[in-house]
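Atoms within each ligand, like the ligands themselves, are counted from 1 in listed order.
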Amino acid sequence: MNELMTPGLLQSIFPDENAIPENYRLDQPVEQREYLIDGELRTWTGPLNPVLSPVFVRKEGELTQKILGSTPLLTSKESLEALDAAVRAYDLGHGMWPTLSVTERIEHVERFLKDMRSKRDEVVRLLMWEIGKTLKDSEKEFDRTCDYISDTIKAYKELDRNSAKLIEDQGFMAQIRRVPLGVSLCMGPYNYPLNETFTTLIPALIMGNTVVFKPAKYGVLLVRPLLEAFRTNFPAGVINIIYGRGRETVGALMESGKIDVFAFIGTNKGANDLKRLHPKPHRLKAILGLDAKNPAIVLPDADLNNAVAECITGSLSFNGQRCTALKILLVHKSILDEFIARFNDGVKKLRPGMPWENGVSLTPLPEPGKVEYLQGLVDDAKAHGATIVNENGGERFQTFFYPAVLCPVNEKMRLYYEEQFGPVVPIVPFEDDEEAIRYVVNSNYGQQVSIFGEDSKRVARLMDAFVNQVGRINLNTQSQRGPDTFPFNGRKDSAEGTLSVSDALRVFSIRTLVATRDNESNKQMLARIIRNRESAFLSTDYIL
Ligand code: G3H
C-alpha cells in the first residue's frame with residue numbers, strides 16, 4: 001500500500017493560504033514594469049504578461065491558482081533598443097567593455113556576484129513559487145550558480161595566465177589570446193531558469209561580449225531581484241534584459257543580423273526557428289542545449305539496489321523536468337519483474353507536496369497544459385498495449401501529476417520517441433543487447449546514456465557502441481550535467497557546441513594572435529611594447 005498517497009491526498013495537496021510558513025509566503029503579486037536597457041531600468045507602461053504559479057491555494061475553502069504577478073510584454077521596438085545598446089557598448093570591438101583589461105572585467109563580475117549572493121532568499125522563494133522546484137533544489141540551483149561564477153573567474157584567470165607568454169615556432173614569435181565575439185543573445189530554459197542561463201550569460205560577459213538576455217518562459221520574476229545588481233555592476237549597454245513573447249522580441253533580434261552569438265537552451269524546434277531568421281548564418285555562432293531522450297540500460301547482473309535508486313532519481317528528480325533526466329528505461333527481461341517491483345517501491349517513497357515542505361520531491365508542474373499532454377502520452381501507450389504498473393500511477397489533480405510507470409513500452413508508442421519532460425517513466429523490456437544499441441543509434445537525440453551492469457566485457461561492448469552516439473556514457477550512475485567542470489554537450493538534435501566552466505569561455509571567444517618573424521629588430525620592438533606597456537593585447541602581465 002502506498003502510505004504517502006492516502007485516499008484523497010491529491011485533492012487536498014494544495015495548501016490553505018494561512019498554512020503556508022511565513023518565510024515562504026508571497027503575499028502581494030509582483031507587478032514588474034522594469035526592464036534593463038543601456039544601464040537604465042526603464043518603466044514599461046504597456047500590457048503585462050500574468051505570471052501564474054503551478055501552486056494552487058485555498059482561500060475560504062475555494063481553490064485558486066496563485067497569481068504571482070506580471071512581467072512586461074515588450075515589443076520588437078524595445079528589444080531592438082536593447083540590441084542597439086549592446087551593439088553600441090561593443091562598438092565593433094572598440095567599446096570600453098571588450099577592450100577593458102581582464103582584471104577589470106573580473107572585478108565587475110566579482111562585484112556582481114557579491115550583490116547576487118545577498119538576494120539568495122528572494123530568488124529561492126521565487127524559484128519555488130514560479131516553477132515548483134523544491135526548497136532544497138532551489139537552494140542548490142542558486143548556490144551552484146554562484147559557485148559556477150566563481151569557478152568561471154578562476155578559469156578565466158588561468159586562461160589569461162597561460163596566454164601571458166610569447167611562443168616561438170619555425171622562425172616566428174607570437175602571442176595568442178582569446179578575444180570576444182561580439183553581441184550575444186542568451187536564453188535559458190524554465191527548469192533551470194537561473195543556473196542554465198547564467199552558465200552562458202556570465203562566460204559571455206566575462207570574455208568581453210555584450211549581451212541581450214531574455215529570461216525563460218517560466219521562472220521569469222526571479223530575475224527581478226538581480227536587475228539592480230546587473231545595472232550597477234556593468235557599464236551601460238553591456239547587459240540588457242528584455243521580457244515578452246519570444247517570436248516578437250527575439251525574432252526581431254535575429255532578423256537584424258546583429259547577433260553574433262546565440263546561446264539557447266530549449267527545444268531544437270525553437271532553436272531552428274530562431275537560427276534561420278538570421279540573414280547571415282555564417283556570422284552566427286550558436287551554442288545550444290536541446291532535447292534529449294536519455295536511456296538507461298539495465299543488464300541482468302546489475303546491482304539492482306543501485307540501479308533502481310539511480311533510475312528513480314534519474315527519471316523523477318524535479319518531476320523528470322531535467323534535460324539530462326533518464327527518459328526511457330531499457331530493462332533486461334530476466335530481471336524485469338524484480339526491477340519493476342523495486343522501482344515501484346522506491347516511487348512510493350517519493351513524497352508529494354508543496355516545494356517548501358520537508359522531504360517533498362513530487363511537486364506541481366509549471367507548464368500550462370502539461371498534465372493533459374502527459375495524459376495523452378499515457379493514453380497513447382495504453383492504446384498500444386502498455387499498462388500503468390505502479391500504484392496511483394498517473395493520478396492527477398489540477399497541475400499535479402503523480403508519476404506513471406508504463407510497461408511494456410514499444411516503438412509504436414509516442415513515449416518511445418518523444419521527450420516527455422515530466423513524471424512518466426517508460427520501461428522497455430529487451431532480450432538482446434543489440435536491441436539497446438539499436439535504440440540509441442536510431443534515436444534522433446544523443447545527449448547521454450546510462451549503463452547498469454557488472455560484467456566488464458558486456459559493459460565495455462555497449463560503451464564502445466555508444467561513444468560515437470552520445471556526449472556522455474554513465475556507468476552505474478544516472479545521467480547528469482555535473483560536475484560543471486566536465487564537458488556538457490550532445491549529438492544529433494540534442495546540442496550544438498560544448499559547455500563546461502572552461503569550455504564556455506572558449507565558446508564565447510576566438511583566438512587572435514600577433515605574430516612576427518623572430519629577428520633582432522622585431523624582438524626589440526616587442527620588448528619595447530611589453531616593457532613600456534604600449535599594448536593591452538601584447539603583454540606578459542600575469543594575473544595573481
Ligand atoms: O536540464 C538540464 C540541466 O543542465 C541538468 O543539469 O543534470 O545537474 O540536473 P543536472
Take Asp379 and Gln375 through the side chain to side chain donor-acceptor pair (under 3.5 Å) test and state the conclusion after the steps. CA-CA 6 Å; Asp379 291 346; Gln375 184 70 58; 3.0 Å; yes
Could you pull out the N/O contacts under 3.5 angstrom between ligand 1 and the surrounding protein atoms?
unit_1, atom_1, unit_2, atom_2, d
ligand 1, 1 (O), Asn191, ND2, 2.9
ligand 1, 1 (O), Glu196, OE2, 3.4
ligand 1, 1 (O), Cys323, N, 2.7
ligand 1, 4 (O), Glu196, OE2, 2.2
ligand 1, 7 (O), Arg322, NH2, 3.0
ligand 1, 7 (O), Thr324, OG1, 2.7
ligand 1, 7 (O), Arg481, N, 2.8
ligand 1, 8 (O), Arg144, NH1, 2.8
ligand 1, 8 (O), Arg144, NH2, 3.1
ligand 1, 9 (O), Tyr192, OH, 2.4
ligand 1, 9 (O), Arg322, NE, 2.7
ligand 1, 9 (O), Arg322, NH2, 3.4

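In terms of the side chain to side chain contact (heavy atoms under 4.5 Å, CB included) criterion, residue partners of Ala504 (sequence neighbours excluded) are, by chain and number, Tyr148, Pro203, Leu499. With sequence neighbours excluded, the residues satisfying side chain to side chain donor-acceptor pair (under 3.5 Å) with Thr498 are Asn489. Taking Asp303 as the reference, nothing meets the side chain to side chain donor-acceptor pair (under 3.5 Å) condition, with sequence neighbours excluded.
Taking the six-membered ring for Trp and thresholds of 30 and 60 degrees, Tyr439 and Tyr416 have ring planes more than 60 degrees apart, a perpendicular arrangement.
Remark: Arg342 does not engage Asp345 in a salt bridge, criterion side-chain N to carboxylate O under 4.0 Å.
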